[in-house]
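Let me begin by presenting the structure, written as structure tokens, before commenting on it.
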Number of protein chains: 2
Amino acid sequence: MKAYKIPEATVMRLSIYSRFLHQLMLEGSETVSSGEIAEGVGVSSAQVRKDLAYFGEFGTRGVGYKVDELYGYIMKILGLDRQWNAIIIGAGKLGSALALYQGFADRGFNIKAVLDINPQIIGARLDGIEVEALGKLAERVKEQAINIGVITVPASVAQEVTDQLIQAGVKAILNFSPRILKVPQDVVLRNVDLSVNLEVLSFNLALNHR
Amino acid sequence: MKAYKIPEATVMRLSIYSRFLHQLMLEGSETVSSGEIAEGVGVSSAQVRKDLAYFGEFGTRGVGYKVDELYGYIMKILGLDRQWNAIIIGAGKLGSALALYQGFADRGFNIKAVLDINPQIIGARLDGIEVEALGKLAERVKEQAINIGVITVPASVAQEVTDQLIQAGVKAILNFSPRILKVPQDVVLRNVDLSVNLEVLSFNLALNHR
DNA sequence: GACTGTGAAGCCATTCACAGCT
DNA sequence: AGCTGTGAATGGCTTCACAGTC
């Protein structure tokens with residue numbers, strides 16, 4: 001792995017390729033070409049090859065890629081050859097929905113704890129997990145060896161819980177609150193801003209409706 | 001508006017600027033500089049000015065921008081000076097959470113209908129909205145003048161409901177399913193892929209854990 | 001003096017096109 | 001003949017730097 005600076009877009013596409021390859025495995029395909037992957041996920045074949053070239057040479061000229069092998073390589077590159085432990089802060093509608101989302105467990109992400117500050121919600125059960133008090137944050141992060149914090153609290157308290165997560169040693173944060181969070185250099189942060197996404201649609205609709 | 005080809009990144013930032021400006025309005029600020037906006041949302045001041053320059057000249061040299069004016073301009077640019085009607089397809093955990101999300105209504109997005117195929121869920125009430133049968137799709141889209149379709153169904157049926165939405169005349173789709181959707185040129189599509197986001201985190205964590 | 005608006009430069013990602021294997 | 005791997009060309013977004021304005 002000669003990885004140094006990999007474009008984020010490349011990483012996102014690798015995730016998508018891996019799902020496509022998984023699909024092919026279920027269908028029993030043995031080999032696949034960059035062109036077929038490209039067709040399947042909606043990018044160019046050169047793009048597929050360039051993305052893979054960041055990490056090595058996985059194919060055979062004249063033939064293509066062995067589906068299961070390539071799948072294994074990508075899963076390893078993405079760090080999905082192991083399990084990750086996540087904690088969800090905020091057990092409102094969105095936090096609860098994420099806690100119960102099967103897609104996470106399927107890819108090796110285990111929700112180990114769900115916290116909230118609202119006494120009305122604390123104690124509720126989500127599948128196998130009980131919603132606990134926010135005060136348990138540091139304790140749960142340590143005890144469950146949490147790698148990833150998921151933030152689904154209102155914007156007003158998002159920075160505060162982020163600081164607590166970082167204080168407790170969490171190095172990766174997925175933020176669903178509509179708030180720009182400040183984190184140290186060594187903490188990875190990704191934002192999923194639902195309103196921004198809708199507003200990009202609105203912009204495009206408005207362009208046409210003029 | 002000389003708008004021709006606006007970078008998507010610019011549109012996303014405008015959405016974020018608008019929230020920051022709204023915050024400033026609540027705090028009673030009169031004017032703001034590109035540097036202050038930049039500081040507040042975590043980009044460069046040149047970036048802020050370039051983004052705005054796509055749409056006109058909104059500032060005063062030596063002074064900055066009038067907060068409420070700039071807010072109004074951006075809201076108009078984003079098409080948020082009007083209401084949009086949305087339909088949610090899939091009333092599982094995620095669909096329900098989105099249906100109840102206050103952030104949408106606050107920005108002029110009205111959830112007019114929520115549909116599902118599961119008889120167990122049909123008839124349930126989410127706030128003021130009753131979950132209805134998927135078969136009502138075309139009827140509801142027309143009757144409620146739906147602009148935006150939100151897809152929160154499993155990957156296996158995502159393309160099918162997408163086709164139905166397009167058939168019914170919907171021109172904008174927000175897709176939460178982990179599936180690459182094919183849509184015609186004149187339909188705007190945005191994907192919010194929860195697994196991809198977690199997997200980018202995983203990739204970065206794995207880089208450091210090696 | 002302060003801050004906007006913008007051409008030019010720089011940088012980064014994507015696409016092209018072809019040499020190199022099988 | 002077919003398909004990968006990759007240097008070169010392209011295209012697009014961001015940063016720089018400064019002239020223009022208040």
Side-chain angles (χ1 to χ4, degrees), chain A residues 1-17 20-21 24 29-71 73-74 77 180 196 200 203, chain B residues 1-17 20-21 24 29-71 73-74 77 180 196 200 203:
Chain A
M1 252 181 237
K2 57 185 167 185
Y4 202 53
K5 192 56 196 149
I6 312 293
E8 187 168 287
T10 290
V11 179
M12 294 177 68
R13 282 191 298 266
L14 285 178
S15 168
I16 293 169
Y17 301 160
F20 181 69
L21 291 169
L24 291 185
S29 306
E30 292 276 311
T31 63
V32 65
S33 69
S34 60
E36 289 168 309
I37 298 174
E39 169 67 24
V41 308
V43 301
S44 73
S45 66
Q47 183 76 83
V48 173
R49 295 197 300 276
K50 257 280 144 67
D51 286 338
L52 296 175
Y54 281 107
F55 303 96
E57 305 192 2
F58 306 113
T60 308
R61 294 169 194 229
V63 180
Y65 306 88
K66 282 203 67 183
V67 173
D68 54 355
E69 256 182 47
L70 185 58
Y71 177 75
Y73 284 129
I74 294 181
I77 290 167
I180 286 83
V196 165
V200 173
F203 171 81
Chain B
M1 259 182 232
K2 57 185 167 184
Y4 201 53
K5 191 54 193 151
I6 312 293
E8 188 169 284
T10 290
V11 179
M12 295 176 67
R13 282 190 299 265
L14 286 177
S15 168
I16 293 170
Y17 301 160
F20 181 69
L21 292 169
L24 291 184
S29 306
E30 293 275 312
T31 63
V32 65
S33 69
S34 60
E36 290 168 309
I37 298 174
E39 169 67 22
V41 308
V43 300
S44 74
S45 66
Q47 183 76 81
V48 173
R49 296 197 300 276
K50 258 281 144 68
D51 286 338
L52 296 175
Y54 281 107
F55 303 97
E57 305 190 5
F58 306 114
T60 310
R61 293 168 195 231
V63 180
Y65 306 87
K66 281 202 68 184
V67 174
D68 56 353
E69 257 182 48
L70 184 58
Y71 177 76
Y73 285 128
I74 293 181
I77 290 167
I180 286 82
V196 166
V200 174
F203 170 80

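Lettering of chains follows the sequences in order, A, B, ..., and the numbering in each one begins at 1.
- For B:Ser29, the side-chain contact (heavy atoms from CB on, under 4.5 Å) partners at least two apart in sequence or on another chain are B:Leu24, B:Val67.
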Each nucleotide N or O in nucleotides 19-22 of chain C that has a protein N or O under 3.5 Å away: list the pair and distance.
unit_1	atom_1	unit_2	atom_2	d
C:dG20	N3	A:Arg61	NH1	3.3
C:dT22	O4'	A:Arg61	O	3.2

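- Between the OH atom of A:Tyr54 and the C1' atom of D:dT6 there is a distance of 12 Å, rounded to whole Å.
- A salt bridge (charged side-chain N to carboxylate O under 4.0 Å, His left out) check over residues 50-63 of chain B, counting only residues at least two apart or in different chains, returns the pairs B:Arg13-B:Asp51.
- As rounded to whole Å, 12 Å separates atom C1' of D:dT15 from atom CG of B:Asp51.
- Projected onto DNA chain C by closest heavy-atom contact, B:Glu57 and A:Ser44 fall at different nucleotides, the more 5' of which corresponds to B:Glu57.
- Residues from residues 33-42 of chain A lying near DNA chain C, meaning a heavy-atom separation below 4.0 Å, are absent.
- The nearest whole Å value for the distance from the CZ atom in A:Arg49 to the P atom in D:dC3 is 11 Å.
- The distance between atom CG of A:Leu70 and atom C1' of D:dT4, rounded to the nearest whole Å, is 12 Å.
- Nearest to the side chain of B:Gln47, among D:dT15, D:dA8, C:dC18, sits D:dT15.
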Full working for side-chain contact (heavy atoms from CB on, under 4.5 Å) between B:Ile6 and A:Phe203: CA-CA 10 Å; B:Ile6 312 293; A:Phe203 171 81; 4.0 Å; yes
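- Closest to the B:Lys50 side chain, of the nucleotides C:dT6, C:dG5, D:dA8, is C:dT6.
- To the nearest 0.5 Å, atoms CD (A:Gln47) and OH (A:Tyr17) are separated by 5.5 Å.
- Summarising the geometry, the separation between CD1 on B:Ile6 and C1' on D:dG12 is reported as 13 Å, rounded to the nearest angstrom.
- Atom NZ of A:Lys5 sits about 10.5 Å away from atom OH of A:Tyr54, to the nearest 0.5 Å.
- Judged as a side-chain contact (heavy atoms from CB on, under 4.5 Å), and not counting sequence neighbours, the contacts of A:Leu70 are A:Leu21, A:Ile37, A:Leu52, A:Phe58, A:Tyr65, A:Ile74.
- Of the inter-residue distances, the one linking A:Glu39 atom CD with A:Ser34 atom OG reads 12.0 Å to the nearest 0.5 angstrom.
- Listed candidates were D:dC16, C:dT14, C:dT4. Nearest to the side chain of B:Tyr65 is C:dT4.
- Following rounding to the nearest Å, B:Tyr73 (OH) and C:dG5 (P) show an atom-to-atom distance of 11 Å.
- Under the rule for a side-chain contact (heavy atoms from CB on, under 4.5 Å), the partners of B:Glu69 that lie at least two apart in sequence or sit in another chain are B:Lys66, B:Tyr73.
- No donor-acceptor distance shorter than 3.5 angstrom exists from the side chain of B:Thr60 to the backbone of B:Val63, with no hydrogens or angles considered.
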